[in-house]
Amino acid sequence: MYFAALLARTEDGWEASDTELDDVETLSDLTDLAHEASVDEDTVLVFIEQEDAWFGLVRVEGEDDPRIFVSDASAAARSSYGEILTKELLGGESDDDADDLDSLDLDGTEEGEPVRADDEEDETSASAESVPPGPAGDREILADLGMTVRELLALESDALGEIADALGAAEMLETVR
């Protein structure tokens with residue numbers, strides 16, 4: 001089960017809102033969600049948490065490239081939303097390449113090889129297995145907001161609550177939950 005929330009910094013403090021990830025298929029989609037919540041291109045944090053497995057943060061500020069942190073890259077790579085983040089962090093294929101391949105409608109028989117129903121599943125599990133366990137990404141993603149690298153890496157259960165507490169937004173996040 002996933003939980004996702006947006007924390008947008010405003011001149012009055014942080015504003016929290018929960019968000020649906022149903023239409024999110026790429027990092028660009030996630031970044032667009034953050035931009036929609038942004039006030040005057042201020043900082044927006046996107047929290048994604050898969051219960052008892054991993055959490056991820058995406059920090060969006062204006063037109064800068066998003067900053068990403070994932071608590072356990074290997075676990076995240078085995079989930080749909082986590083795969084979006086780990087693919088970006090670990091240099092996965094670009095979206096454009098995937099679109100180009102999709103348009104070719106290749107079914108695996110071009111070289112005379114039979115189509116196997118589990119080919120796609122094998123590819124996904126092989127890529128997830130090649131992702132190293134442990135944290136990945138920008139470990140200083142919250143350093144200027146009051147949470148040190150050491151504190152971020154020590155988070156386990158209720159990580160998002162502790163992050164919100166460090167930002168002074170715990171009450172807002174609890175309201176959203």
Side-chain angles (χ1 to χ4, degrees), residues 1-10 14-107 117-128 130-131 135-138 141-142 145 155 158-161 163-164 167 169 172-177:
M1 182 163 141
Y2 292 99
F3 171 75
L6 296 173
L7 277 179
R9 181 187 254 174
T10 69
W14 292 93
E15 290 183 12
S17 60
D18 63 343
T19 186
E20 291 296 323
L21 299 176
D22 295 342
D23 296 329
V24 172
E25 295 179 5
T26 65
L27 182 61
S28 295
D29 295 340
L30 206 51
T31 304
D32 290 345
L33 275 176
H35 282 296
E36 290 170 16
S38 176
V39 177
D40 298 327
E41 297 190 1
D42 282 333
T43 302
V44 177
L45 295 173
V46 180
F47 293 109
I48 302 173
E49 178 179 56
Q50 184 176 11
E51 200 171 296
D52 297 327
W54 63 274
F55 71 90
L57 297 167
V58 178
R59 181 173 175 170
V60 177
E61 295 175 291
E63 295 302 315
D64 293 344
D65 286 339
R67 297 168 63 186
I68 303 167
F69 175 81
V70 177
S71 65
D72 186 337
S74 179
R78 291 188 295 267
S79 71
S80 57
Y81 300 118
E83 183 182 24
I84 293 170
L85 303 179
T86 57
K87 188 186 297 186
E88 179 68 24
L89 288 173
L90 303 173
E93 299 172 17
S94 75
D95 294 337
D96 294 339
D97 291 343
D99 289 343
D100 290 346
L101 288 175
D102 287 343
S103 68
L104 292 175
D105 194 28
L106 301 175
D107 64 1
D118 58 347
D119 278 349
E120 190 173 306
E121 185 179 309
D122 288 349
E123 185 178 303
T124 303
S125 63
S127 65
S130 66
V131 175
D138 186 347
I141 193 168
L142 300 173
L145 299 174
L155 295 175
D158 193 32
L160 301 185
I163 291 168
L167 300 176
M172 293 222 178
L173 184 64
E174 276 309 309
T175 303
V176 170
R177 280 189 171 177

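Between atom CG of residue D23 and atom CG of residue L30 there is a gap of 12.0 Å, rounded to the nearest 0.5 Å. Distance check, rounded to the nearest 0.5 Å: CG of L145 to CD1 of I163 gives 10.5 Å.
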Verdict with reasoning, L142 to L45, per side-chain contact (heavy atoms from CB on, under 4.5 Å): CA-CA 10 Å; L142 300 173; L45 295 173; 3.8 Å; yes

CA sep, side-chain torsions, deciding dist, call: V46, L33, side-chain contact (heavy atoms from CB on, under 4.5 Å): CA-CA 9 Å; V46 180; L33 275 176; 5.8 Å; no

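Under the rule for a side-chain hydrogen bond (donor to acceptor under 3.5 Å, both in side chains), the partners of D138 that lie at least two apart in sequence or sit in another chain are R67. A search for salt bridge (Lys or Arg N to Asp or Glu O under 4.0 Å) contacts involving E61 returns R59, not counting sequence neighbours. Qualifying side-chain contact (heavy atoms from CB on, under 4.5 Å) partners for D158, counting only residues two or more places apart in sequence or in other chains: R177. Not counting sequence neighbours, D42 has no partner by the side-chain hydrogen bond (donor to acceptor under 3.5 Å, both in side chains) test. By the salt bridge (Lys or Arg N to Asp or Glu O under 4.0 Å) test, E15 is found to be paired with no residue, residues two or more places apart in sequence or in another chain being considered. Taking S79 as the reference, Y2, Q50, W54 meet the side-chain contact (heavy atoms from CB on, under 4.5 Å) condition, with sequence neighbours excluded.
A pairwise comparison of heavy atoms in I68 and V70 identifies CG2-CG2, 4.3 Å as the closest pair. Nearest heavy atoms, T86 versus A73: CG2-O, 3.5 Å. Closest approach of A37 and L6 over heavy atoms only: CB-CD1, 3.7 Å. Nearest heavy-atom pair across G137 and L89 is CA-CD2, 3.5 Å. Here the closest non-hydrogen pair linking A53 and D72 is O-CB, 4.2 Å. Residues F47 and L7 share a closest heavy-atom pair of CE1-CD1, 3.1 Å.
More than 12 heavy atoms of other residues, nucleotides or ligands sit less than 6.0 Å from atom CG of D64.
Not a single donor-acceptor pair under 3.5 Å links the side chain of Y81 to the backbone N or O of I48. Under the 3.5 Å distance criterion, the side-chain polar atoms of S71 are matched with a main-chain donor or acceptor of F55.
Screening V58, I141, L85 for a side chain to side chain contact (heavy atoms under 4.5 Å, CB included) with P66, the sole residue that qualifies is V58.
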